[in-house]
Novice: 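Below you'll find the structure I mean.
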Number of protein chains: 2
Amino acid sequence: MKVLIVDDDRTLADLLAFAMRRAGFEPHLAFDAQGAMQVFDDLPVDIIILDVNLPGSQELKNGFDICREIRKVSDVPIILLTVRDDEEDIVKGLNIGADDYILKPFSPRQLVARVQAVLRRASAESVPEEAPYRYQDFQFDPARREVSRGGETPQNLTRLESRLLSYLMLNQGQVLPADNIITEVWGLDAANTEMLRQLVHRLRMKIEQDPENPILIKTLPGIGYGFGI
Amino acid sequence: MKVLIVDDDRTLADLLAFAMRRAGFEPHLAFDAQGAMQVFDDLPVDIIILDVNLPGSQELKNGFDICREIRKVSDVPIILLTVRDDEEDIVKGLNIGADDYILKPFSPRQLVARVQAVLRRASAESVPEEAPYRYQDFQFDPARREVSRGGETPQNLTRLESRLLSYLMLNQGQVLPADNIITEVWGLDAANTEMLRQLVHRLRMKIEQDPENPILIKTLPGIGYGFGI
DNA sequence: GCAAATTGTCACAACATTGTCACACGAATC
DNA sequence: GATTCGTGTGACAATGTTGTGACAATTTGC
């Protein structure tokens, strides 16, 4: 699976390339609009990761322009990379044909997960396997929706539990506001904190059975939750 | 049966060699175009597995070129290994004389099955291994559409049951989403989960008669099924 | 064309998952 | 100390999934 990464920050681009290669993709880099279009014309990529803040040139100024340009000729999935959490920008991005966006700063894991999600949505093709998450003796296999601790018998998670844990472990060590978790797990629409509390409770029952083992999901009162804090 | 494996990724090449050796073949490796042509000139191989993405050299750039080159002098079966799912590339590959292609990522089992299929198609006389699938004391012969367990009398499978079991055992130990199974068994068009449930049920009746024997087809609720998980 | 085998459809029970409510408990505030 | 707030927890209802039997529709072999 080929992925085209377009970002003028070479360090970041390299990092992304490394992460994608580890996840079984074949990354190709471009550092500006011209480079991006050139790679795109040359070889068929399966997905594009695009920084919206690129140094301008005459005809193609930023990521939005590239996105628009590509959409004229192809429906390859595009993920926008942006520091702006301005809703207007996100809406604009999605309107001109981007498939998803991701806000900086983000972890490489997160990006990989996002890419896989978009690909899974876009095509029935076989997407590289999702690697299991680890934290100390704790292990979570999102493909099987299975958690295990040490050598114990694995526990099965439900759809929502698995989504929650994915999000938590993807942002391991970070403080995650309840609202963010909710929109991530349930989607943009309905869902209240009560449902989240319940879900956290049920997840904890499955992964924190042993009283002597350390707490995995920590409550940050008034804010939200965090994994491995 | 000699098989020539051409891939610059040595780890992958080794893995493939191992899989092919297990399946009763005699693997020979080459890591670039020169090596491939050298092995090909030196000894008569029965089939070639060729990565299309090889590091370039002057006269022989990639797998396509090697394929073309070989076709000038021999009609040995060639299977292309590619990450591109671009139809154009596949058509191109088949046009210049490849016998089949397989998209990354794939399981070694899958490749072996593909190799056997190509060989069976190519040469009606020197049929290679008639390779039944095995799992513990369970055995499945896709050619005869017959399953047996231990020394018991074999059971006959129907066409769809056989296809389903082939797909499951080909991807043994993996999580297979219901949608993937459906498109694999029935084809792209119609078919709903109800039909899959029914088919799984019927297949189970034939291969899981004994209550003491372990479950072969595991249900992964909300996801799909998996064989030997 | 007919009978048998195969495949698709429907109905329903058993079970699992998710949403909702009620309430207990502890910390912070007054 | 009483109140308020946020959180954890149990119970239960609503909903969704899966397994299973019966039967109709279709295909296959003769």
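The sequence lines fix the lettering, A, B, ..., with proteins before strands; numbering per chain opens at 1. These figures come from a predicted structure and were not determined experimentally.
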Novice: Looking at A/Thr158, A/Ile182, A/Ile181, A/Leu157, which hits side chain to side chain contact (heavy atoms under 4.5 Å, CB included) with A/Leu164?
Specialist: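 For A/Leu164, the side chain to side chain contact (heavy atoms under 4.5 Å, CB included) check succeeds only for A/Ile181.
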
Novice: Looking at B/Arg202 and C/dG8, is any side-chain donor or acceptor paired with a base atom of the opposite kind under 3.5 Å?
Specialist: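 Indeed there is one.
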
Novice: Output the rounded distance in Å from CG (B/Asn156) to C1' (D/dT28).
Specialist: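 Answer to the nearest Å: 15 Å.
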
Novice: Counting side-chain heavy atoms from CB outward, which of C/dT18, D/dT20, D/dT9 is closest to B/Glu194?
Specialist: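 Of the options given, the side chain of B/Glu194 lies nearest D/dT20.
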
Novice: Nearest-nucleotide wise, let me know which of B/Arg197 and A/Leu160 is further upstream toward the 5' end of DNA chain C.
Specialist: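 That would be B/Arg197.
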
Novice: In whole Å, I'd like the distance from the CZ atom of A/Arg145 to the C1' atom of D/dT17.
Specialist: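 The answer, rounded to whole Å, is 12 Å.
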
Novice: If the cut-off is 4.0 Å, is A/Trp186 near the phosphate of C/dT18, judged by side-chain N/O to OP1 or OP2?
Specialist: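 Checking C/dT18 against A/Trp186, no side-chain N or O comes under 4.0 Å of OP1 or OP2.
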
Novice: Before accepting this row, confirm whether a basic side-chain N of the pair A/Asp46/A/Lys2 lies closer than 4.0 Å to the acidic partner's carboxylate O.
Specialist: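 No, A/Asp46 and A/Lys2 are not salt-bridged.
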
Novice: Atom CE of B/Met205 and atom P of C/dT6: how far apart are they, to the nearest Å?
Specialist: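 My rounded result for the distance is 14 Å.
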
Novice: To the nearest Å, give me how far apart CG (B/Leu199) and C1' (D/dT18) are.
Specialist: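 These atoms are roughly 15 Å apart.
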
Novice: Which heavy atom of B/Phe140 sits nearest to which heavy atom of B/Ser162, and what is that distance?
Specialist: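 Answer, listing the atom of B/Phe140 first, then B/Ser162: CZ-OG, 3.6 Å.
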
Novice: Distance criterion of 3.5 Å, no angle test: do you see the side chain of B/Gln198 paired donor-to-acceptor with the base of D/dG21?
Specialist: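 Checked by distance alone, the answer is yes.
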
Novice: Looking at A/Thr158, I'd like to know whether one of its side-chain N or O atoms comes within less than 4.0 Å of OP1 or OP2 on C/dT18.
Specialist: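 True: A/Thr158 side-chain N/O within range (under 4.0 Å) of C/dT18 OP1/OP2.
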
Novice: Evaluate whether atom CZ of B/Arg134 has more than 12 neighbouring non-hydrogen atoms of other residues, nucleotides or ligands under 6.0 angstrom away.
Specialist: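 12 or below, so no.
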
Novice: Tell me which one of A/Arg202, A/Lys206, A/Arg145 satisfies salt bridge (charged side-chain N to carboxylate O under 4.0 Å, His left out) with A/Glu161.
Specialist: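 The salt bridge (charged side-chain N to carboxylate O under 4.0 Å, His left out) with A/Glu161 is passed solely by A/Lys206 among A/Arg202, A/Lys206, A/Arg145.
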
Novice: Counting only heavy atoms and a strict 4.0 angstrom limit, can you tell me which residues of residues 218-229 of chain B come near DNA chain D?
Specialist: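 B/Thr219, B/Pro221, B/Gly222, B/Tyr225 - these, ordered by number, are the residues of the stretch whose heavy atoms sit under 4.0 Å from the strand.
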
Novice: Under 30°, 30 to 60°, or over 60°: which ring-plane class applies to A/Phe138 and A/Phe227, parallel, tilted or perpendicular?
Specialist: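 Tilted, since the angle between the ring planes falls between 30° and 60°.
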
Novice: Any chance you could measure B/Ile5, atom CD1, to B/Asp51, atom CG, to the nearest 0.5 Å?
Specialist: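 Reported value, rounded in 0.5 Å steps: 11.5 Å.
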
Novice: Nearest to the side chain of B/Asn192, heavy atoms from C-beta on, is which of C/dT9, C/dT6, C/dT18?
Specialist: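 My answer, after comparing the listed nucleotides, is C/dT9.
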
Novice: To the nearest Å, how far apart are A/Leu203 CG and C/dG19 P?
Specialist: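 Answer to the nearest Å: 14 Å.
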
Novice: Write down the distance between CD (B/Glu161) and P (C/dT7), rounded to a whole number of angstrom.
Specialist: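 It works out to 6 Å between those atoms.
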
Novice: Taking atom C1' of C/dT6 as reference, at what distance in whole Å does atom NE2 of B/His201 sit?
Specialist: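 About 15 Å, once rounded to whole Å.
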
Novice: Rounding to an integer number of Å, can you tell me how far B/Leu157 CG sits from C/dA5 C1'?
Specialist: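 So the two atoms are 14 Å apart, to the nearest Å.
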
